[in-house]
Amino acid sequence: MNFREVEKKWQNIWEKEQRFKAIDFDDKPKYYILVEFPYPSGAGLHVGHTPNQIAMDIIARKKRAQGYNVLYPIGWDAFGLPTENYAIKNGVSPVEATKRNIENFKRQIKSLGISFDWSREINTTDENYYKWTQWIFLQFFKKGLAYKATVNINWCPKCKIGLSNEESEGGVCERCGTPTIQKPKTQWMLKMSAYAEKLLQGLDETRFWENIKTMQRNWIGKSEGTLLHCSLETGDLFDIFTTCIETIYGITYFVLAPEHPLVEKLKDKIENYDEVLKYIEKTQRKTEFERTQLIKEKSGCQLKGIYAINPINGHKVPVFISDYVLANYGTGAVMAVPAHDERDYDFAKLFNLPMIEVISGGNIKERAFEKGEYLGKNCKLLNSDKFTGLTVEEAKDSLNKYLEENKLGQKIATYKMRDWVFSRQRYWGEPVPLVYCEKCGWVAIPEKDLPVTLPKVDKYHPTDDGESPLSRIDDWVNTTCPCCGGKAKRETDVMPNWAGSSWYWLRYMDPNNNKAFADFEKMKYWGKVDIYNGGGEHVTRHLLYARFWHKFLYDNGFVPFSEPFDRRVQQGIILAADGSKMSKSAGNTVDPMLYVEKYGADVARLGQMFMGDYVEAKPWREDTMKPCEKLLNRIVALKDKVQKGDYRNNKNIVALSIKDIDEDIENLKFNTAISQIMVLTTALEKAELVTDEDFKVLLKLLNPFAPHISEELWVEKGYIGRIDENWPTYDEKDLVVNIVEIAVQINSKIITRVNIDTSLEEKDIIKNVQSDEKIAKALQNKQIIKSIYVPNRIINIIVK
RNA sequence: GCUGGUGUGGCGGAAUGGCAGACGCACGGGACUUAAAAUCCCGAGGUGGCAACACCGUGUGGGUUCGACUCCCACCACCAGCACCA
């Protein structure tokens, strides 16, 4: 059989029949399978795309055969820097490059026989799509969740672009690897922090893997504690946040972030302001990366002449600034309790500051006695006025109560998760649909005028001061204010790459709607994504952004359910053959399409799924291709052995295979599912008689994995009905075998293996086993204490 | 340091607390062939032994259990993420 010809033939038939079209409002139960839509780069599909599309295709085809109305869509997340950089380099318009890349991707995906519903294809750079991205942004704007702020942003001097924290992890630009610097910039921000608690709580509604939930929880980073209102001798007020209010009597100084507004405010009163200023400048020169890397050694500077008051007892303590206190976490100020915090301890040693032990049980001469050590250990408070003698847990409660009653503080939660920097001074993104009017301020473009289309430009590179190339087009920038009709200027920033992917699963439900981003009733029908497959690298960014947008839309009545995804699963990263990371720079990338050319789509599909556990990281191996090719050839050959018969002749192995493969697919254990297909094939090859019914089951089980060859064989055999309907089932009693070989142990040591008749009673089985020659011999002169029989597995006889 | 994950043959990997190593790769032997490729058959965790067989084996050390790759405790190594988070 010529695999490649057969594959082409079936791909054409499926396309003509629109075999995989999902039907809105169909009576069948729905099942929504989502893979992260690819970024159509010039390089074509890579090994990060193909396994997940194949894996979800297996599930999609199985679910269809089981009678589900399956929605398995695909589209293109096409805005972004690589295309823009390509455009800058080659002078090709990003529109043109994107179009070409998408054509290539489509051809490649189709050649793999992935059963996407192509009638729902979407593209984030399509005006009819980004119109709604802009529309959603305007809803944020109208609710006050989009705001402009001057923030120190991570700035890539090479790309000339502001990056979010997520995009500059490790202090280098995610795209080009250049170290980022800190640069003040006015940016659009989305107030994601307002959704921190909802994003945290919502996880309980999902069935994400526990480790994914944990990663999101850690990213959101909730910590509960006390907001303490403090004051300086000067009368200036400031707040600090602490999770250890029980140590409040141990405060011997306070530390402010160098950027704290009070520092500037008090410059006339600080006796050593020159020195302070020097320290601040030193801090500012450091990027966030350096500031957090050049740690270990504490540094700081006292604000001489400035004293703060401990609100609980009025004690006067000194105030420092230090770069270990971050301006953007908590309140940018901390209380320092060197006796019970390691960082404060180090700092206090350095500056020779006093310590007050307020929790018993440690030895503060040696080191700080921290909360990790004293919590839950019944430790009691010392030197804490009327709270002395209470346990830490009691003290927390009493202190919080006392502080609240006296308006000195309150219990609050803080979150690590920051707001989302939403502006990019680039070209290839959705224009932010706002104008600035001297009179009216920032004004939204009216909905009827959406989309604000991306104008053509001559140069795609940002201006040298880092502004968007759009800012060069005067007649586009200058416009009229929709509010007062006066002169106004358009916002020239565009949205980040993540915008279009923050709602795309909703668009698939109704991709051509021009009245709304999706029809409400259709969203109700399709509901949550049942299974969402993607890469681990997106767990804390895309997945949070997407949930954030969805929850916002839900809160405003635009979508009918509060969490977008039910299950989230992720494929393991594919490594190079030697186990190292694949990367263009290392030159060890693998083009999965080569294997489609070499072996055909079905072999390439099987081979990739057979490489190992789908969810674990694993090296790419070519040596799985040949055995999969062999498997298909064996099944082709088996066809000629099949005899007429509408009954299963090989009941047991067939039933067992249905059960295993069914469960394996549900659990993403594609590698063991394929090995079971191999086992079944071998069994049928060895069987005396293989009926049509036996063979039909094999073909149906094979179909999700190797859809082309299996369907070709099905049709060649002239079988009635379609291969991809009526997923095979089995009778429980066919799983039972009468005679099985089990191991027999004496005192947990295997003595021999015997065949037993499973239909007998347990006591008879045990009795029969004792007459076995080896067992009988071993039991001589021994007293049997008890016998354990695990059906179909083992007998263990305990003797003395 | 913190968080999450992973440790099983030469390799990829299997094992609802019940015969460790399924299914493959690579390897060895054989059949077919002038030969090779392809295909098919057989073998194979390690050590010792001609063999029957014995002993040892799932990162390390303990524990629970008739029985532990699996559960519990401690530790080690590696991978990933976060990193002075108050």
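We use all heavy atoms of the structure for the numbers below, so side chains are in, but hydrogens, waters and symmetry mates are not. Here is the naming used below: chain letters follow the sequence lines, and residue numbers restart at 1 for every chain.
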To the nearest 0.5 Å, what is the distance between CZ (A:Phe670) and CD (A:Gln571)? 10.5 Å
Between B:U3, B:C19, B:C66, which nucleotide gets closest to the side-chain atoms of A:Ile788? B:C66
Expressed as a whole number of Å, how far does the C1' atom of B:A44 sit from that of B:U60? 29 Å
Rounded to the nearest angstrom, tell me the gap between atom CD in A:Glu629 and atom C1' in B:G24. 15 Å
Counting side-chain heavy atoms from CB outward, which of B:A86, B:C19, B:G24 is closest to A:Leu326? B:A86
When rounded to the nearest Å, what value does the distance between P atoms of B:G46 and B:A22 take? 13 Å
What contact category does A:Met678 fall into here, base, sugar-phosphate, or nothing, at under 4.0 angstrom with non-hydrogen atoms? sugar-phosphate
What distance, rounded to whole Å, do you find between the two P atoms, one in B:A77 and one in B:G18? 31 Å
Scan every strand shown for a Watson-Crick or G-U wobble partner of B:G1, both distances under 3.5 Å, and answer none if you come up empty. B:C82
Report the distance from atom CD1 of A:Ile746 to atom P of B:C19, rounded to the nearest whole Å. 17 Å
Taking only the side-chain heavy atoms of A:Phe610 (C-beta and beyond), determine which of B:G24, B:G18, B:A15 contains the nearest atom. B:G24
Aromatic ring proximity A:Phe238/A:Phe254, centre distance under 6.0 Å: yes
Rounded to whole Å, how long is the line connecting atom CG of A:Asp346 with atom P of B:A86? 16 Å
Please give, in whole Å, the distance from B:U3 P to A:Trp209 CH2? 22 Å
In whole angstrom, give the distance that lies between atom CZ of A:Arg621 and atom C1' of B:G10. 11 Å
What contact category does A:Glu342 fall into here, base, sugar-phosphate, or nothing, at under 4.0 angstrom with non-hydrogen atoms? nothing
Given the P atoms of B:A15 and B:G24, what is the spacing between them in whole Å? 15 Å
Using the side-chain heavy atoms of A:Pro627, tell me which of these nucleotides is nearest: B:C23, B:C19, B:C25. B:C25
Rounded interatomic separation in angstrom, taking CD from A:Glu622 and C1' from B:C11: 16 Å
Same-atom distance (C1') from B:G21 to B:G43, integer angstrom: 16 Å
Pick the closest RNA chain B nucleotide for A:Glu616 and for A:Lys669 by heavy atoms, then say which residue is nearer the 5' end. A:Glu616
Check every atom of B:A86, B:C19, B:G18 against the side chain of A:Phe241 and return the nucleotide holding the closest atom. B:A86
Checking B:C66, B:G4, B:A22 against the side chain of A:Asn211 (C-beta onward), the nearest is B:G4
What's the closest nucleotide to the side chain of A:Asp613 if the choices are B:C84, B:C25, B:A14? B:A14
Watson-Crick or G-U wobble partner of B:U39, both distances under 3.5 Å: B:A31
Is B:G57 syn or is it anti, if syn means the base angle is within 90 degrees of 0? anti
Indicate the ring-plane relationship of A:Phe351 and A:Phe347, choosing parallel, tilted or perpendicular according to the 30° and 60° boundaries. tilted
Evaluate whether atom CD of A:Glu342 has more than 12 neighbouring non-hydrogen atoms of other residues, nucleotides or ligands under 6.0 angstrom away. no
Greater than 12 external heavy atoms within 6.0 Å of A:Lys659's NZ: no
Identity of whatever pairs with B:G45 - Watson-Crick or G-U, under 3.5 angstrom: B:C56
Which part of the nucleic acid, if any, lies within reach of A:Ala333 when heavy atoms closer than 4.0 Å are counted: base, sugar-phosphate only, or nothing? nothing
Tell me what A:Glu741 touches on the nucleic acid: a base, only sugar-phosphate, or nothing, going by heavy atoms under 4.0 Å. base
Would you indicate what A:Lys222 reaches in the nucleic acid, counting non-hydrogen atoms under 4.0 angstrom: base, sugar-phosphate, or nothing? nothing
Quick one: do the A:Glu246 and A:Tyr374 side chains pair a donor with an acceptor below 3.5 Å? yes
With a non-hydrogen cut-off below 4.0 angstrom, is A:Asn796 in contact with a base, only sugar-phosphate, or nothing? base
OP1, OP2 of B:G18 versus side-chain N and O of A:Lys749: anything below 4.0 Å? no
Does a side-chain N or O of A:Lys630 approach OP1 or OP2 of B:C40 to a distance below 4.0 Å, or not? yes
Output the single nucleotide from B:A14, B:C19, B:C85 whose closest atom is nearest the side chain of A:Ile750. B:C19
Could you work out the separation of B:A20 and B:A14 based on their C1' atoms and round it to a whole Å? 9 Å
Within the modelled atom types, does a donor on one side and an acceptor on the other bring the side chain of A:Arg793 and the base of B:C19 under 3.5 Å apart? no
If you measure only the distance, is there a donor-acceptor pair under 3.5 Å linking the side chains of A:Tyr614 and A:Asn667? no
Assign A:Lys416 to base, sugar-phosphate, or nothing according to its heavy-atom contacts below 4.0 angstrom with the strands shown. base
What is the separation between atom CG on A:Leu575 and atom P on B:G5, rounded to the nearest whole Å? 19 Å
Mind calculating the distance between CG (A:Asp239) and P (B:A86) to the nearest angstrom? 17 Å
Side-chain N or O of A:Tyr324 versus OP1/OP2 of B:A86: is the shortest distance under 4.0 Å? no
Among B:G24, B:C66, B:G18, find the nucleotide with the atom closest to the side chain of A:Arg634. B:G24
Measure from the side chain of A:Val790, starting at C-beta and using heavy atoms only, and say which of B:A86, B:G67, B:G18 lies closest. B:G18
Nucleotide forming a Watson-Crick or wobble pair with B:U6, both distances under 3.5 Å: B:A77
Evaluate A:His229 against A:Leu403 for side chain to side chain contact (heavy atoms under 4.5 Å, CB included), listing each step before the verdict. CA-CA 9 Å; A:His229 307 311; A:Leu403 292 168; over 6 Å; no
Considering every strand shown, what is the Watson-Crick or G-U wobble mate of B:G18 when both distances are under 3.5 Å? B:C66
Between A:Ile674 and A:Ser223, whichever has its closest RNA chain B nucleotide further toward 5' is A:Ile674
CE-CG distance between A:Met335 and A:Asp341, expressed to the nearest 0.5 angstrom: 9.0 Å
Whether A:Arg343 contacts B:C85 is assessed here as follows: a side-chain N or O lying under 4.0 Å from the phosphate OP1 or OP2. Is that the case? yes
Just to confirm, is there a sub-4.0 Å distance from OP1 or OP2 of B:A86 to any side-chain nitrogen or oxygen of A:Lys371? yes
